[in-house]
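We name chains A, B, ... by the order of the sequence lines, and we start the count at 1 in each one.
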Amino acid sequence: MAAPPERRCWEREQARLKAGVVEQDTEEWQKDPNFTGLERVGGVDLSYIKGDDTSACASLVVLSYPALQVLYEDCRMVAVTAPYVAGFLAFREVPFLVEAVQRLQQEEPKLRPQVLLVDGNGLLHHRGFGVACHLGVLTDLPCIGVAKNLLQVDGLARDELHREQIRSLQRSGDTFPLTGTSGRVLGMVLRSYNNSSKPLYISVGHRVSLDTAVRLVRSCCRYRVPEPIRQADIRSREYIRKQLCAPLEVRPARPESSKKEAELEDESDA
DNA sequence: GCGACAG
DNA sequence: ATCTTGTCGC
């Protein structure tokens with residue numbers, strides 16, 4: 001009897017917290033000022049259908065570094081079960097992201113990313129263990145949490161002081177640390193784009209230091225959202241848009257006698 | 001009790 | 001996350 005997924009997520013958090021948080025650079029390229037040796041950066045995202053809270057598109061892209069060209073793209077419709085609850089995003093999205101990474105490693109092992117940028121938080125989290133930490137532990141890949149809004153935790157709030165600190169970020173690349181009431185630095189606020197005053201919230205996910213995380217996200221930003229996540233986002237919503245436009249002709253209620261089925265969808269390992 | 005709350 | 005076109009500005 002396998003434990004339900006929620007229970008396993010919880011146990012994963014407890015085990016990792018007990019073992020101590022891994023927030024240091026483990027790779028050689030992370031220690032290089034120019035990230036020499038870094039060639040592939042991954043990005044993941046889920047896009048949802050407006051009225052439907054169970055159908056989503058999970059996407060994983062791999063970009064070259066430093067050119068930021070798309071080397072790999074994987075979009076797939078998934079059936080989401082867990083509801084969205086702030087603080088429990090990983091319980092909802094992480095299973096599909098892990099599947100995508102495993103698919104990549106099986107089909108295109110040479111394109112395995114050396115680091116993943118994840119939509120959401122890592123250590124900047126109620127239990128110090130956001131979606132970027134979950135994905136990192138499950139894939140054993142360095143992961144960085146990139147959130148577009150502040151998760152209010154450990155005394156951090158979107159109050160006037162916070163807004164004032166944001167206003168103090170003048171140029172892209174400017175940052176200030178997020179220090180919780182506990183005194184711990186949980187993440188960094190980064191102005192990633194000159195044309196947008198809205199910052200990003202960067203935090204450690206797995207096997208990376210906060211300093212390296214911020215430097216890498218900076219170097220991946222053509223616009224406000226870093227390219228790996230932006231491409232995953234663009235491609236997953238485009239995938240959904242196509243699904244919605246042509247569902248009638250592409251999938252007429254399970255034609256059991258289709259001509260070539262082995263090439264498209266029936267690829268489970270029996 | 002009421003509001004706040006990554007995606 | 002999603003609903004949503006054009007539009008004002010560098």
Contact letters for nucleotides 1-7 of chain B, in which S counts primed atoms plus P, OP1 and OP2 and B counts the base, heavy atoms under 4.0 Å: ---SSBB

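- Applying the side-chain contact (heavy atoms from CB on, under 4.5 Å) rule to E238(A) yields the partners R241(A), K242(A); only residues at least two apart in sequence or on another chain are considered.
- Annotation: ring-ring contact (aromatic ring centres under 6.0 Å, His included) contacts involving residues 40-71 of chain A, sequence neighbours excluded, are absent.
- Hydrophobic side-chain contacts under 4.5 Å tie Y193(A) into a cluster, directly or through other members, with Y223(A).
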Under 3.5 Å, side-chain donor or acceptor atoms of residues 147-156 of chain A against the rest of the protein: list the pairs with distances, not counting sequence neighbours.
{"residue": "K148(A)", "atom": "NZ", "partner": "D119(A)", "partner atom": "OD1", "Å": "2.7"}
{"residue": "K148(A)", "atom": "NZ", "partner": "D119(A)", "partner atom": "OD2", "Å": "3.4"}
{"residue": "Q152(A)", "atom": "OE1", "partner": "R158(A)", "partner atom": "N", "Å": "3.2"}
{"residue": "D154(A)", "atom": "OD1", "partner": "T181(A)", "partner atom": "N", "Å": "3.4"}
{"residue": "D154(A)", "atom": "OD1", "partner": "S182(A)", "partner atom": "N", "Å": "3.4"}
{"residue": "D154(A)", "atom": "OD2", "partner": "S182(A)", "partner atom": "OG", "Å": "2.7"}

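- With sequence neighbours left out, R40(A) forms a side-chain hydrogen bond (donor to acceptor under 3.5 Å, both in side chains) with no residue at all.
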Side-chain atoms of residues 169-178 of chain A: list all donor-acceptor pairs with protein atoms under 3.5 Å, sequence neighbours left out, distances to 0.1 Å.
{"residue": "Q170(A)", "atom": "NE2", "partner": "R167(A)", "partner atom": "O", "Å": "3.1"}
{"residue": "D174(A)", "atom": "OD2", "partner": "Q170(A)", "partner atom": "N", "Å": "3.0"}
{"residue": "D174(A)", "atom": "OD2", "partner": "R171(A)", "partner atom": "N", "Å": "2.8"}

Heavy-atom contacts, protein to nucleotides 3-10 of chain C, under 4.0 Å, summarised as B (base), S (sugar-phosphate only) or - (none) per nt, yield S-------

Just to be sure I follow the notation: if a pair is Watson-Crick (purine N1 to pyrimidine N3 plus N6-O4 or O6-N4) or a G-U wobble (N1-O2 and O6-N3), each under 3.5 Å, what dot-bracket string does DNA chain C give, with | for pairs to another strand? ..........

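- Using a 4.0 Å cut-off between charged nitrogen and carboxylate oxygen, D140(A) and R207(A) count as a salt-bridge pair.
- Outside the 6.0 Å centre-distance limit, the rings of H134(A) and F96(A) are not counted as a close aromatic pair.
- Contact annotation: the side chain of P226(A) approaches that of V146(A) to within less than 4.5 Å [non-hydrogen atoms, C-beta and beyond].
- For the strand DNA chain B, secondary-structure stems (runs of at least three Watson-Crick or G-U pairs, all distances below 3.5 Å) are absent.
- Considering only residues two or more places apart in sequence or on other chains, E28(A) meets the side-chain contact (heavy atoms from CB on, under 4.5 Å) condition with K31(A).
- For R163(A), the side-chain hydrogen bond (donor to acceptor under 3.5 Å, both in side chains) partners are E160(A), not counting sequence neighbours.
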